Enquirer: 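There's a structure below that I have some questions on.
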2 protein chains.
Amino acid sequence: MIRLRNVVKLYRAGSVVVPALRGITLDIERGDFVSIIGSSGSGKSTLMNIIGCLDRPTRGTFELAGHDVSKLSDDQLAYARGRQIGFVFQAFNLLPRMSALEQVELPLTYRGGKNQRRSAMKALADVGLGDRMHHKPNQLSGGQQQRVAIARALVGEPSVILADEPTGALDTKTTADVMDIFVRLNRVQGMTVIFVTHEPEVASYTDRVIQLRDGMIVSDTVATSP
Amino acid sequence: MIRLRNVVKLYRAGSVVVPALRGITLDIERGDFVSIIGSSGSGKSTLMNIIGCLDRPTRGTFELAGHDVSKLSDDQLAYARGRQIGFVFQAFNLLPRMSALEQVELPLTYRGGKNQRRSAMKALADVGLGDRMHHKPNQLSGGQQQRVAIARALVGEPSVILADEPTGALDTKTTADVMDIFVRLNRVQGMTVIFVTHEPEVASYTDRVIQLRDGMIVSDTVATSP
Ligand SMILES: Nc1ncnc2c1ncn2[C@@H]1O[C@H](COP(=O)(O)OP(=O)(O)OP(=O)(O)O)[C@@H](O)[C@H]1O
Ligand SMILES: Nc1ncnc2c1ncn2[C@@H]1O[C@H](COP(=O)(O)OP(=O)(O)OP(=O)(O)O)[C@@H](O)[C@H]1O
Ligand SMILES: [Mg+2]
Ligand SMILES: [Mg+2]
C-alpha cells in the first residue's frame, strides 16, 4: 500500500545541503499499526511528509496504493491526500481565525455529504473537547489544540492516518484516551495508522516500531505478542 | 521571591466565562527547582504566563521580588520581564524570518554588552545545534525549534527560568541533555527554575512538584532526598 524504495531527501539551507533522508526502503500494508521513533532531527517528520504526499523525494520511488506518486500531478496528489489521508501535524497547523468546530468541519465540506456538523461535534467530543467547540486556537491550551488537530484528521474517516507526535502535548491520562481511539480505529475499522513518537509508552501500543537515525532506518521490529 | 495569593484568572470566550485559575496561593523562593504538572487544560500555561508577567490575574495578588506586580505599569513589567525572566513558550514563538543564531542573539542586543554573537553561539552549541545556527525555523525539526527557544531563554542568564513543557518535542537522550543544563543552572548558578511538564521523568529531576487540577493546586510535594 505504501512502498518506498531508496528514498533520499536533500534540503538546501543557504550553500549547505542537509541530507534529511539518506535512502529509505520501506513497505507498509493496509491495516498496519506502525510507530516511527528516533532522536530529534533524525528525519521522522521529513519521512511523514513524503508518505503523506505533502513533499516529494529528491531521489528514489514512492508508490501509494500501487501508483507511482512521482507521476502524479500536484492536483492528483492533493486529491489523493484529501480523500485518503488524515494528517496530524507536529505543529498542529490550526487556522487561527476558526473555532475548533469550524476547523474540524472543514475537511468534510470538501467531501460533501450530510451531517457534517454532527460528525465534527462527535469527533471533538471523542477527544474530550465537547465544551471547547467554539474556542479559537488562541483560546485553547496546547494539548487542546493538539486534540483539535487529531479530531480534524480523523473526522473524514480516511483510510490512512499519519500522526506526527500526536500526544506530545498531552498528559498521561489524555494520552491513553487518545491512544484508545487510534487502537480502535486500527483494530475495528482497519485504518492504517502511522505515528511518529518519541515516547516509548506510545510506541508500545503499535505492532511495529521503525527506528530512524540520521535519515536511515536502523531497525524495523514487529511486536510478537498478539 | 514569587508570591501568589488567591490568584484567579477568568477568560471570556464569547458569552462563556472559563475559570482557568480558581484561587492559586503559592510561594517560590530564589534558587527553587519546581515542576508544575497537571492534565491538559488544568491551567499550567495560564499560571506560567502570570508568573512570567505576560498576563495579569483577574483577582488576587502577585508579588515578584517584593513588588506588587499589579502596581507596575506595562513598561515596568516589560522591563522586569526582559531583565529577570527567561521564558520558554509551549509553542516556542520563534520569529519566522530570523535564523537560529539571530533569534538567540536578540535578547542580548536589548541588554547591550560585548560578545553577544559568541554567547549566542555557545548557547546553541550547548543544546546541540552548533551545526544549525543559520537555519530559519521552517528549516528546523520540531525538537530543534524547541531547543532554539531554550537557548534564547537561557542566553541572557536570567535569574528566573520559566519553561512551559521544554522537552515536549524531544527524544529521551536529548531530553536528558537539556535537563542536565537546567540542573546545572539551578545547582551551580542558583537560577530559579520553574517547569511545566507532563512527563513524570522530567518532574523527577526537580526538588518540588506542584500539581494543578481544574485551576486549583491539589498537591505541593517536596522531594525528601538530597
Ligand atoms: N484566551 C482564552 N479564552 C478562553 N479560554 C481559554 C483561553 N486560554 C486558555 N483557555 C482555557 O483555559 C484552560 C487552561 O488553559 P491552559 O493553557 O492554562 O492549560 P494547560 O494546563 O497549559 O494545558 P496543556 O497541558 O494542554 O497545555 C483551558 O481549558 C483553556 O481552554
Ligand atoms: N527546510 C529545511 N531546510 C534545511 N534543513 C531542514 C529543513 N527541514 C528540515 N531540515 C533538517 O532535516 C533534518 C530532519 O528534520 P525532521 O524535521 O525530519 O526531523 P525529526 O526527526 O522530525 O525531528 P524532531 O523529533 O525534532 O521533530 C533536521 O536536522 C533538520 O534541521
Ligand atoms: Mg519532527
Ligand atoms: Mg499549556
Side-chain angles (χ1 to χ4, degrees), chain A residues 11-16 18 20 37-46 48 89-92 94 99-100 127-129 131-147 164-165 167-178 196-201 203 211-213, chain B residues 11-16 18 20 37-46 48 89-92 94 99-100 127-129 131-147 164-165 167-178 196-201 203 211-213:
Chain A
Y11 289 117
R12 280 177 182 69
S15 56
V16 173
V18 175
I37 63 175
S39 55
S40 174
S42 57
K44 306 179 295 296
S45 295
T46 303
M48 291 289 268
F89 295 91
Q90 188 169 7
F92 320 152
L94 299 181
S99 71
V127 293
L129 292 180
D131 61 351
R132 289 285 181 275
M133 288 199 236
H134 303 297
H135 286 229
K136 295 195 173 55
N138 67 355
Q139 297 170 325
L140 293 170
S141 77
Q144 291 168 344
Q145 292 174 24
Q146 185 160 48
R147 284 180 276 159
D164 197 341
E165 310 218 18
T167 60
L170 303 177
D171 58 286
T172 313
K173 164 104 186 30
T174 316
T175 295
D177 294 343
V178 162
V196 162
T197 181
H198 61 257
E199 298 177 58
E201 315 79 44
Q211 182 164 1
L212 288 189
R213 186 183 305 147
Chain B
Y11 288 118
R12 280 177 182 70
S15 56
V16 174
V18 175
I37 63 174
S39 54
S40 174
S42 56
K44 308 182 293 297
S45 295
T46 303
M48 291 289 269
F89 295 92
Q90 187 169 5
F92 320 150
L94 299 182
S99 71
V127 293
L129 294 180
D131 61 354
R132 289 283 180 274
M133 286 198 236
H134 303 297
H135 286 231
K136 295 192 171 58
N138 66 356
Q139 297 170 324
L140 294 170
S141 76
Q144 291 167 346
Q145 293 173 25
Q146 186 159 51
R147 284 180 276 160
D164 196 341
E165 308 218 21
T167 61
L170 303 177
D171 57 284
T172 314
K173 165 103 186 29
T174 316
T175 294
D177 295 344
V178 163
V196 162
T197 181
H198 60 258
E199 298 177 58
E201 316 80 44
Q211 181 164 3
L212 288 190
R213 185 183 305 148

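Quick caveat, the model's predicted, so the values are computed rather than measured. We name chains A, B, ... by the order of the sequence lines, and we start the count at 1 in each one.
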Enquirer: Between Lys136(B), Arg147(B), Glu199(B), who has the most heavy-atom pairs with chain A when the cutoff is under 4.5 Å?
Expert: Arg147(B)
Enquirer: Counting only heavy atoms closer than 4.5 Å, note whether Val18(A) contacts chain B via side chain, backbone, both or neither.
Expert: side chain
Enquirer: Using non-hydrogen atoms and a 4.5 Å limit, figure out which bit of Gln144(A) sits close to chain B: side chain, backbone, both or neither.
Expert: both
Enquirer: Could you pull out the closest heavy-atom pair between Asp171(A) and Ser40(B), with the gap in Å?
Expert: OD1-N, 2.8 Å
Enquirer: Looking only at non-hydrogen atoms, find the nearest pair between Arg12(A) and Gln139(B) and report the distance.
Expert: O-NE2, 3.9 Å
Enquirer: What residue in Thr175(A), Thr172(A), Asp164(A), Leu170(A) has the most heavy-atom pairs under 4.5 Å with chain B?
Expert: Leu170(A)
Enquirer: Can you list the residues that meet the salt bridge (charged side-chain N to carboxylate O under 4.0 Å, His left out) rule with Asp177(A), with sequence neighbours excluded?
Expert: Lys173(A)
Enquirer: Which bit of Ser141(A) is near chain B, if near means a heavy-atom gap under 4.5 Å: side chain, backbone, both or neither?
Expert: side chain
Enquirer: Which residue out of Gly142(A), Ala20(A), Pro200(A) racks up the most heavy-atom pairs below 4.5 Å with chain B?
Expert: Gly142(A)
Enquirer: Between His135(A) and chain B, which part of the residue has a heavy atom less than 4.5 Å away: side chain, backbone, both or neither?
Expert: side chain
Enquirer: So which part of Ala91(A) gets closer than 4.5 Å to some heavy atom of chain B, the side chain, the backbone, both or neither?
Expert: neither
Enquirer: Tell me, side chain or backbone of Ser45(A) under 4.5 Å from chain B's heavy atoms, or both, or neither?
Expert: neither
